[in-house]
Amino acid sequence: MATIFTKIMNKEIPAAIVYEDEHCFAFRDINPQAPVHILLIPRKEIPTMNDVTPEDAKILGHLMVKAPEIAKKEGIADKGYRLVFNTNAHAGQTVSHIHLHIIGGRSMSWPPG
């Protein structure tokens, strides 16, 4: 069964799309935790980080290259931003399709959560 993220990628559900290419898709989080909160997802459906295989290295590398490009475009790169992958329920993952949170536009504390 397709996740809500797949439905967003397929444009079956509207979203504020920030970026897309043949490998990934980025859109604004509907429950932002900061002035900028974007979800960057691979087009390949991978349920959790625990399901990543060596064959997924190129996809994950692509996400890590695109995240700073998106941060620069959003104007948060110079002051700083946070990249987060949540894995499973205790970490706060609510959709079974890995997604990289790009969060910025405000000062953040540590530890998170």
Side-chain angles (χ1 to χ4, degrees):
M1 179 182 224
T3 69
I4 190 169
F5 290 170
T6 300
K7 292 177 181 179
I8 289 170
M9 274 192 307
N10 292 337
K11 300 184 179 150
E12 298 168 22
I13 296 174
I17 300 167
V18 173
Y19 177 82
E20 64 180 301
D21 65 25
E22 65 276 10
H23 304 293
C24 65
F25 192 89
F27 55 95
R28 297 195 188 282
D29 194 301
I30 61 168
N31 185 26
Q33 301 302 304
V36 175
H37 189 165
I38 294 167
L39 302 179
L40 178 59
I41 64 175
R43 288 197 180 268
K44 178 182 178 184
E45 289 185 36
I46 304 169
T48 75
M49 289 301 291
N50 292 334
D51 300 300
V52 169
T53 67
E55 292 77 31
D56 297 321
K58 187 172 181 178
I59 293 169
L60 293 176
H62 187 72
L63 296 181
M64 299 312 277
V65 168
K66 291 300 167 185
E69 290 178 11
I70 292 168
K72 287 175 191 164
K73 181 181 170 198
E74 293 291 317
I76 60 172
D78 290 340
K79 286 193 173 183
Y81 56 98
R82 185 169 286 166
L83 299 177
V84 178
F85 277 109
N86 294 321
T87 303
N88 290 326
H90 277 193
Q93 183 179 5
T94 58
V95 177
S96 293
H97 185 143
I98 63 170
H99 47 288
L100 179 60
H101 295 260
I102 304 169
I103 306 168
R106 68 169 172 82
S107 182
M108 296 187 203
S109 61
W110 192 261

The salt bridge (Lys or Arg N to Asp or Glu O under 4.0 Å) partners of Glu45 (sequence neighbours excluded) come to none
Scanning both residues in full, the closest heavy-atom pair of Ala34 with Gly104 reads CB-O, 3.4 Å
Using 4.0 Å as the upper bound for N to carboxylate O, is an ion pair formed by Glu69 and Lys72? no
Same cluster (ILVMFWY, side-chain, under 4.5 Å), Leu40 and Ile103: no
Those residues at least two apart in sequence (or on a different chain) that pass side chain to side chain donor-acceptor pair (under 3.5 Å) with Ser96 are none
Side chain to side chain contact (heavy atoms under 4.5 Å, CB included) filter on Gln33, not counting sequence neighbours, yields Asn31, His37
Connected hydrophobic set around Leu39, excluding itself, where side chains approach under 4.5 Å: Ile4, Phe5, Ile8, Met9, Ile13, Ile17, Phe25, Phe27, Ile41, Val95
Check Pro35 against Gly105 and note the closest heavy-atom contact, atom names and distance. CG-O, 3.4 Å
Can you name the side chain to side chain contact (heavy atoms under 4.5 Å, CB included) partners of Leu83, sequence neighbours left out? Met64, Ala67, Tyr81, Leu100, Ile102
Side chain to side chain contact (heavy atoms under 4.5 Å, CB included) with Lys44: which residues, sequence neighbours excluded? Ile46, Asp56, Ile59
Using the side chain to side chain donor-acceptor pair (under 3.5 Å) criterion, which residues pair with Thr3? Sequence neighbours excluded. Thr6
Run the salt bridge (Lys or Arg N to Asp or Glu O under 4.0 Å) test against Arg28 and tell me which residues pass, sequence neighbours left out. Glu74
Interatomic spacing from NE2 in His101 to CD in Gln93 - rounded to 0.5 Å: 8.0 Å
Might you confirm whether atom CG of Asp78 has over 12 heavy atoms from other residues, nucleotides or ligands at distances under 6.0 Å? no
Not counting sequence neighbours, which residues clear side chain to side chain contact (heavy atoms under 4.5 Å, CB included) with Lys58? List them please. none
To the nearest 0.5 Å, tell me how far Met49 CE sits from Asn86 CG. 11.0 Å
How would you list, by chain and number, every residue that makes a side chain to side chain donor-acceptor pair (under 3.5 Å) with Glu55, sequence neighbours excluded? Thr53
Validation row, ring centre His99 to ring centre His97 under 6.0 Å: no
Sequence neighbours excluded, which residues qualify as salt bridge (Lys or Arg N to Asp or Glu O under 4.0 Å) partners of Arg43? Glu20
Test side chain to side chain donor-acceptor pair (under 3.5 Å) applied to Asn50 - qualifying residues, sequence neighbours left out: none
Do Phe85 and Leu63 come within less than 4.5 Å of each other through their side chains, counting heavy atoms only? yes
How long is the gap from CG on Asp21 to NE2 on His62, to the nearest 0.5 Å? 3.5 Å
